[in-house]
Amino acid sequence: MSNESQKFGSVVLATSACIAGCGGESTGTVVVEVSGEEAPVVGYPAGDIAFIDGWSIDFDHIFVAVEGFYLAEGDRSQTLEADNTVIDLTDGDQELWMFAGVPAQRWSDVEYVITEPTATSRRVGTVTEADVTAMATAGVSFRMIGTATHPTHGDYDFDVAIPMSVHASECVSGRDGTDGIVVPVNGTHQTQITLHLDHLFFDSARAEEPNLRFEAWAAVAGDDDLITYADLASQNLADLVGIDGMPLVDDEGAPIAYEPPASGLPMQNLQAFLLAEAFTIGHFEGEGHCDYHDHDAH
Amino acid sequence: MKRPVPTFLTVLAITLISFAACGTTPGEPATATLRLAPSSSSFTTATGWDVVLDEAVLVAGSAYFYAPSGDTMASLERSLRESLGVPVAHAHGGHDPFGSRPVRLEWLGPTSLDLLGADTIDIGAMDGSVGASVEVTLAFEPLSGALLEASSPAHGHHAWVAGTATRTVEGSTETIEFAGGFDFASGGTENLVEAIPAPAAVAADGTWTLHVALARWLDQARFERLPEGPNAARTITPSTQVGLAWDLGLRDPTDYELTYEARLAP
């Protein structure tokens, strides 16, 4: 089946037991969309989110591979979708799935996965077969392509493909602070996987209000001024280097610090820091947090 | 999310614990002694400095040994003790500091630890329940009282180091004396070191020994960048590269190793 026939709004039925009409149970519909909010479309600064070190960002593409949407309440569960779908967040908010016949009740545990696609993964919006093949070949679930600009340092292109595999579970709704969703009787719950891209540029995994920074990224660009995920491994968090090749310091001469999570990093470099931060970009219905686990180990 | 424990579960817990077999029944009360092994005061950093520490102190606040997720016996034991008004390590949901995790054992300080002692010493007693443990979180609560005094072993800080660093470059030997304190901020996970591996089958009695890899604390330190000051010893502060390297090193869970030995009843 070609991807062209799998359009926005296509109906996918729940695959587990007790769907519409089973024992007369009331049901409703769940519509799932994915959003990067305004940043993928307008770049950074976006609203009041801006880089503290003066950089601005324009995105050409932000490819994300989402796989699966699961509901659970007590010992009852629903696997609503399991196949991998690739979207481009620069297309704006995208509707991924519409599920009819979902038992009408609260489902406290909402789960989804971000993991690498296969060459035959479903595509939404402007995503091409070549885009998906490139991600599948590289084993990456997230790829952002764009340009960072600084009034003094100029333009730096980036093509950062992150091999993360994340299982988000027990998602809390950012709309009302409750666990999961409520499917209304004969109604529709419009839900959203919200990706917070600013996390990728945070300088702290612990601070209440981290800053967004980019110079440490620009400093490891190759001779073609292109920044890749591999380049970031050369930035030692204990001794960050600036574009001028000197220690990266603030206005008072203190070293710029990227603060790892309390659970540590496998390596003390900017690549490992970015991967840890990428694990947390998936949110739910706006600002709602989830629990994040390594999907490959889940 | 914390849920109230129904009365019948409390009664059931008491019954189960009363009939528990000696030493290995999951959920049976467990005690343990937390000990500290001495660390090596001499090491060579990845940055090429030979370091000799004269002082190395860590003021630990508390330690939480976690059971595997879904371990209901650990949760039951904790809930029972809470229902009896016994203070216990608490779990919170979502991205809050401790997460919703069952606690196997806990140690409550604070205690100032001399990491350069000659012998393994007892830090204190822990209590909890029999069963599997998987990992540990060290917490560093705000200091108070005598621990805040400059005359305290850690000079009023959560951690303190003092010593000398020496290197020879192109035939020229350079020696730098250094000293400084480190402080954890409060809030969120700022004062936690998480995910320290501690896999063990915790019995009713046993010992846990903490090993601190001091060499990793300062492994990325560039002592040549420590600014000179009025004293012979250059001061490590958060605004120095050495302070940043120490921050990253001290917070690294791989710097800490915990080994367990059960004391089984005859």
Side-chain angles (χ1 to χ4, degrees), chain A residues 108-109 168-174 177-179 199 203-210 236-241 246-270 272-273 276 279-280 282-284 287-294 297-298, chain B residues 1 45-47 64 66 69 92-101 135-140 184-197 216-227 236-256:
Chain A
S108 298
D109 182 13
S169 64
E170 305 200 45
C171 298
V172 175
S173 171
T178 61
D179 294 337
H199 285 225
D203 62 3
S204 176
R206 305 190 304 264
E208 281 278 336
E209 295 183 4
N236 181 348
L237 295 184
D239 195 12
L240 292 169
V241 175
M246 300 298 289
L248 187 60
V249 296
D250 62 17
D251 292 341
E252 275 119 42
I256 296 294
Y258 277 70
E259 301 176 334
S263 54
L265 295 172
M267 300 288 290
Q268 297 282 16
N269 62 44
L270 190 55
F273 183 90
F279 254 67
T280 68
H283 288 62
F284 189 61
E287 298 296 315
H289 285 90
C290 309
D291 289 344
Y292 308 104
H293 307 278
D294 184 343
H298 194 72
Chain B
M1 187 189 335
T45 69
T47 51
Y64 302 99
Y66 291 108
S69 296
H92 302 281
H95 59 289
D96 289 328
F98 294 101
S100 300
R101 306 181 63 182
E135 62 183 36
V136 171
T137 290
L138 293 177
F140 298 87
F184 285 91
S186 296
T189 58
E190 286 282 9
N191 65 330
L192 304 179
V193 177
E194 297 179 329
I196 300 169
R216 295 172 61 85
W217 273 16
L218 297 167
D219 191 54
Q220 297 293 316
R222 295 196 175 276
F223 292 96
E224 70 274 17
R225 295 194 202 159
L226 265 182
I236 301 172
T237 67
S239 62
T240 63
Q241 188 279 334
V242 176
L244 172 59
W246 187 21
D247 185 319
L248 292 166
L250 188 150
R251 291 177 181 276
D252 189 341
T254 62
D255 291 0
Y256 306 91

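In what follows, every chain begins at residue 1, and chains take the letters A, B, ... in the order their sequences are listed. Predicted model, so just to flag it, every value in this text is computed and none were measured.
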Item to complete: Mind ranking B/Gln220, B/Glu190, B/Gln241 by heavy-atom pairs under 4.5 Å with chain A and telling me who comes out on top?
Response: B/Glu190
Atom [atom1] in [X], atom [atom2] in [Y]: separation rounded to 0.5 Å?
| X | Y | atom1 | atom2 | value |
| --- | --- | --- | --- | --- |
| B/Arg216 | A/Gln268 | CZ | CD | 8.5 Å |
| B/Ile196 | A/Ser263 | CD1 | OG | 11.0 Å |
| A/Arg206 | B/Leu192 | CZ | CG | 9.5 Å |

Worksheet item: What is the minimum heavy-atom distance between A/Leu237 and B/Leu244, and which atoms define it?
Response: O-CD2, 3.7 Å
Fill in: Heavy-atom pair with the smallest gap, counting every atom of B/Pro253 and A/Ala262
CG-O, 3.9 Å
If I measure from the heavy atoms of chain B, does [X] come under 4.5 Å with its side chain, its backbone, both, or neither?
| X | answer |
| --- | --- |
| A/Glu259 | side chain |
| A/Asn236 | side chain |
| A/Ile256 | backbone |
| A/Tyr258 | backbone |

Discussion item. Within the structure provided, determine whether B/Arg222 and A/Pro247 are in side-chain contact (heavy-atom separation under 4.5 Å).
Written reply: no
Worksheet item: Any side-chain heavy-atom pair from A/Asp239 and B/Arg225 closer than 4.5 angstrom?
Response: yes
Response to the item:
If one checks every heavy atom of B/Leu248 against chain A at 4.5 Å, the contacting part turns out to be both
Item to complete: Could you tell me whether the side chain of B/Glu194 and the main chain of A/Gly264 form a donor-acceptor pair under 3.5 Å?
Response: no
Worksheet, complete the sentence: Looking only at A/Pro260, A/Pro261, A/Pro255, most heavy-atom pairs under 4.5 Å shared with chain B are made by A/Pro255
